[in-house]
Amino acid sequence: MNISNAPTPDPIDVDVVIIGLGPTGATAANLLGQRGIRTVVVERDTSIYPRQRAIASDEDAHRVWQGLGLFDEMLATMSSDVRVHFKNGDRTFLSMTSSQSHGQGVPGMCYYHQPELERVLRQGIERFPTVTLMPGYDAVDLAQDADSVTVTLRHVDGEPDRKITGRYLIACDGGSSSIRKLLGIALPGKHIEEPWFDIQLRAWYDLPVDAPLDFTFISDPRRPGVDCPCPMGYHRVEFRVNKGETVEQLQTEEGLRGLLAERGIDYDKVEIYRSWGYTFHIRQAEQWRKGRAFLAGDAAHIMPPFAGQGVSSGVRDVANLCWKLDAVLNAGADPSLLDTYEPERRPNVEQLTAFSLRIGKLVMLGNPTAVRLRDGLIHAATRLPGLGRVIKNNGLKPRYELGTKGGFFGLGASVRSPRGTFIRQPWLVGSDLAHVRLDTVLNNRWTWIGFPGAPIPRALAEAGVAEVKLEYSSAIATHRVATGHYVDSEGDVERQMRKSRAQGFLVRPDKFIYCSDRELSSADHTRVASMIGMTPVASIA
């Protein structure tokens with residue numbers, strides 16, 4: 001990564017301009033750098049913001065960061081053993097674990113101190129000489145033509161304006177996105193009128209990374225809130241502002257002492273970093289693309305915080321977009337591929353927004369009769385054998401599936417089609433009997449993964465699609481794994497294929513299934529070949 005501060009001739013000409021270097025923008029920079037794409041990242045702040053805003057991420061983001069080679073370092077300062085509790089007074093009416101990854105092969109939910117997360121992401125960018133960071137600049141104007149997008153930048157210290165031109169732009173500059181405003185894209189939605197108050201602090205002790213972390217929703221009608229201990233001794237506590245109270249009153253020493261005492265926290269044994277009042281917003285941009293500019297993360301959608309999906313949603317956005325930019329920029333794919341970004345991603349954002357809002361409504365119930373009913377019904381539901389297991393393992397959270405209407409997937413859809421779902425990530429065992437994660441073998445490429453009954457179609461092989469040859473688990477017992485073949489030691493992919501009545505999957509670079517062997521057609525051979533920059537010699541199934 002290059003850091004640019006010295007004056008240079010204008011305009012700077014690159015492939016992609018990223019505005020914003022939070023978790024979404026930094027992930028995008030790593031993804032583009034990994035693919036050798038000339039990228040400039042513009043960020044107003046000259047250093048990492050020192051206080052945490054987000055505190056959690058899930059398996060979808062973790063799998064992306066794993067593919068960037070960064071997740072192991074992140075995990076060293078994260079807590080992945082997370083238990084979530086819903087508590088009313090002294091009674092806990094629901095406890096659940098968030099560790100389930102549902103076949104992704106990475107921890108299901110991790111909590112962290114955001115500056116540490118951003119440190120790892122920014123250090124990751126340093127590996128890529130094609131990525132340049134421009135700190136200390138705001139985007140103040142934007143113009144587009146048929147071939148490029150040009151942004152005017154103003155330095156925070158008043159230096160002369162600069163211009164930067166790229167073939168595409170990704171706006172990762174948050175909920176108040178200047179790029180979204182410059183594009184004239186509306187952000188309709190609503191905010192929940194009920195005011196809340198947040199205290200960010202650090203305790204005198206450190207919470208060991210390998211210790212369980214207990215996240216608690218305070219579901220008490222007298223004062224609902226959230227208690228969020230984080231690794232490294234950091235802690236966030238959030239409260240509803242009750243009638244007759246003001247944020248200004250709560251920010252006094254007397255107010256802070258009283259609020260912390262409600263949670264059993266001694267004001268004299270913590271360091272308070274910041275406190276502020278806020279309301280919740282639920283908004284989605286009317287469109288996520290305009291010309292050559294794309295919105296990602298909070299610039300495109302803002303959801304309530306109750307499900308902890310803000311950072312993960314931004315990471316999902318850029319993971320979907322960046323491989324498509326690579327296909328267009330480096331492989332000559334038709335630019336219309338980029339039109340599939342919003343149709344594939346928006347349905348998941350809408351589902352998670354609704355899910356987060358449902359949690360918020362449960363936490364913020366104020367009617368005592370409704371509260372008693374809530375506590376009793378949820379407690380009873382957790383005692384039912386099937387439903388209780390789903391609830392306690394966070395199984396009500398919508399699984400990440402892409403919208404297939406308007407997306408880039410197989411043209412035909414069979415019964416139980418796996419299109420738009422993740423390929424699960426088990427440990428594979430190779431001919432040397434060493435274990436390796438599936439994503440390591442996939443290596444961010446178009447890949448055909450199949451059992452002996454479904455070898456790669458010749459047309460796809462000739463077009464440059466990679467192949468992962470799977471053997472059934474019995475091959476391990478006999479120690480007869482053929483050279484170049486792998487065994488799904490956990491049976492995850494085998495079960496996924498059986499459910500889809502398939503023996504082979506065509507997997508996109510973002511680990512989503514394009515289609516199964518039951519659906520693949522000669523037309524799909526040509527479409528996929530166009531993503532790789534080659535034309536198949538023949539179309540043979």
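Heavy atoms only: backbone and side chains are in, while hydrogens, waters and symmetry mates are out.
- Surrounding CZ of R495 are more than 12 heavy atoms belonging to other residues, nucleotides or ligands, all under 6.0 Å away.
- Taking every heavy atom of both residues into account, V328 and P335 meet most closely at CG2-CA, 4.0 Å.
- At least one side-chain heavy atom of K181 sits under 4.5 Å from a side-chain heavy atom of S176.
- Checked against the 6.0 Å centroid threshold, F409 and F512 do not count as a close aromatic pair.
- For the atom pair R527 CZ and S521 OG, the distance stands at 8.5 Å (nearest 0.5 Å).
- For the residue pair N30 / R127, a side-chain donor-acceptor distance below 3.5 Å is found, with atom types taken as modelled.
- Looking at N443, its side chain never comes within 3.5 Å of a backbone N or O of D439 through a donor-acceptor pair.
- Judged purely by distance below 3.5 Å, without hydrogens or angles, the side chains of R518 and S414 pair a donor atom with an acceptor atom.
- In this structure a side-chain-to-backbone donor-acceptor pair under 3.5 Å is present from W448 to A454.
- Contact check for L187 versus Q284: no side-chain heavy atoms found under the 4.5 Å cut-off.
- Side chains of E467 and T447: a donor-acceptor N/O pair is absent below 3.5 angstrom, by distance only.
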Evaluate side-chain hydrogen bond (donor to acceptor under 3.5 Å, both in side chains) for D15 paired with T39, printing each intermediate quantity in order.
CA-CA 6 Å; D15 291 319; T39 304; over 6 Å; no

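- Once rounded to the nearest 0.5 Å, the distance linking CD of E401 with CZ of R399 reads 9.5 Å.
- Residues E344 and N320 bring a donor and an acceptor atom of their side chains to less than 3.5 Å of each other.
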Might you work through the side chain to side chain contact (heavy atoms under 4.5 Å, CB included) test for C230 and Y112, ending with a clear yes or no?
CA-CA 6 Å; C230 297; Y112 48 77; over 6 Å; no

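- Not a single donor-acceptor pair under 3.5 Å links the side chain of E471 to the backbone N or O of F451.
- Rounding to the nearest 0.5 Å gives a distance of 8.0 Å between OG1 of T97 and CG of N394.
- In this structure the side chain of K397 reaches within 4.5 angstrom of the side chain of F355, judged on heavy atoms.
- One finds a salt bridge joining R53 and E118 here, because a Lys/Arg side-chain nitrogen approaches an Asp/Glu carboxylate oxygen to under 4.0 Å.
- Checking side-chain atoms of E43 against main-chain N and O of L21 turns up a donor-acceptor pair under 3.5 Å.
- Without hydrogens or angle criteria, T77 side chain to M74 main chain gives a donor-acceptor distance under 3.5 Å.
- Put simply, the side chain of S417 gets close to the backbone of R419: a donor and an acceptor are under 3.5 Å apart.
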Start with the C-alpha gap between W427 and D488, add the side-chain angles, then the distance that decides, and say whether side chain to side chain contact (heavy atoms under 4.5 Å, CB included) holds.
CA-CA 6 Å; W427 285 102; D488 173 5; over 6 Å; no

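- In summary, the side chains of T24 and D317 do not present any donor paired with an acceptor at a separation below 3.5 Å, with no hydrogens or angles considered.
- Under a 4.0 Å N-O distance rule, the pair E73/R119 qualifies as a salt bridge.
- A salt bridge does not link D147 to R167: none of the charged nitrogens lies less than 4.0 Å from a carboxylate oxygen.
- Contact check for Q114 versus P23: side-chain heavy atoms found under the 4.5 Å cut-off.
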Set out, in order, the CA-CA distance, both residues' side-chain angles and the distance that settles side-chain hydrogen bond (donor to acceptor under 3.5 Å, both in side chains) for K392 and S95, then state yes or no.
CA-CA 7 Å; K392 290 180 180 179; S95 290; over 6 Å; no

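- Formation of a donor-acceptor pair under 3.5 Å by the S313 side chain with backbone atoms of G310 is not found in this model.
- Because its NZ or CZ atom is not both nearer than 6.0 Å to the ring centre of F422 and within 45° of the ring axis, R424 does not count as a cation-pi partner of that residue.
- With a 4.5 Å cut-off on side-chain heavy atoms, Q425 and Q104 do not count as touching.
- R292 forms a cation-pi arrangement with Y168, by the criterion of a distance under 6.0 Å to the ring centre and an angle within 45° of the ring axis.
- Contact check for S178 versus D173: side-chain heavy atoms found under the 4.5 Å cut-off.
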Intermediate values then yes/no, side chain to side chain contact (heavy atoms under 4.5 Å, CB included), L396 and I391:
CA-CA 6 Å; L396 296 180; I391 294 173; 3.9 Å; yes

Could you go through the side chain to side chain contact (heavy atoms under 4.5 Å, CB included) check for L295 and R289 one step at a time?
CA-CA 6 Å; L295 307 181; R289 177 187 185 181; over 6 Å; no

Dump the intermediate steps for ring-ring contact (aromatic ring centres under 6.0 Å, His included) on F280 and F306, then the final yes or no.
CA-CA 10 Å; F280 302 128; F306 298 103; 4.9 Å; yes

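- One finds a salt bridge joining R498 and E494 here, because a Lys/Arg side-chain nitrogen approaches an Asp/Glu carboxylate oxygen to under 4.0 Å.
- The closest donor-acceptor contact from the side chain of S177 to the backbone of R180 lies under 3.5 Å.
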As a quick check of understanding, evaluate salt bridge (charged side-chain N to carboxylate O under 4.0 Å, His left out) for R458 and E462, giving each step before the final call.
CA-CA 6 Å; R458 193 177 80 188; E462 291 174 346; 3.4 Å; yes

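- For the residue pair D339/S336, the side-chain donor-acceptor check at 3.5 Å is not satisfied.
- A donor-acceptor contact shorter than 3.5 Å is absent between the side chain of R389 and the backbone of G386.
- The closest side-chain heavy-atom distance from W446 to W323 is below 4.5 Å.
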Evaluate the salt bridge (charged side-chain N to carboxylate O under 4.0 Å, His left out) criterion for residues D58 and R316: first the C-alpha distance (whole Å), next the side-chain angles of each, then the deciding distance (0.1 Å), finally the verdict.
CA-CA 10 Å; D58 69 8; R316 294 184 192 103; 2.5 Å; yes

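- With ring centers used as reference points, F294 lies 6.0 Å or more from W288.
- Taking the centre and axis of the six-membered ring of F408, the NZ or CZ atom of R508 falls outside the cone set by 45° and 6.0 Å.
- A donor-acceptor contact shorter than 3.5 Å links the side chain of Q34 to the backbone of G67.
- Taking the six-membered ring where the residue is Trp, H62 and W65 present tilted rings, their angle falling between 30° and 60°.
- Taking OG of S312 as the reference point, atom CZ of R63 lies at 14.5 Å (rounded to 0.5 Å).
- Side chains of H301 and T353: no donor on one and acceptor on the other come within 3.5 Å.
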Given Q309 and S356, is the side-chain hydrogen bond (donor to acceptor under 3.5 Å, both in side chains) satisfied, shown in steps?
CA-CA 8 Å; Q309 290 297 306; S356 183; over 6 Å; no

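- The heavy-atom pair separating V84 from S98 by the smallest distance is CG2-OG, 3.4 Å.
- The 12-atom threshold is exceeded at CG of D145, counting heavy atoms of other residues, nucleotides or ligands nearer than 6.0 Å.
- Between P231 and H113, the closest side-chain pair of non-hydrogen atoms is not below 4.5 Å.
- The CG atom of L182 lies 10.5 Å from the NZ atom of K290; values are rounded to the nearest 0.5 Å.
- Residue C322 holds its SG atom at 11.5 Å from CG of N444, rounded to the nearest 0.5 Å.
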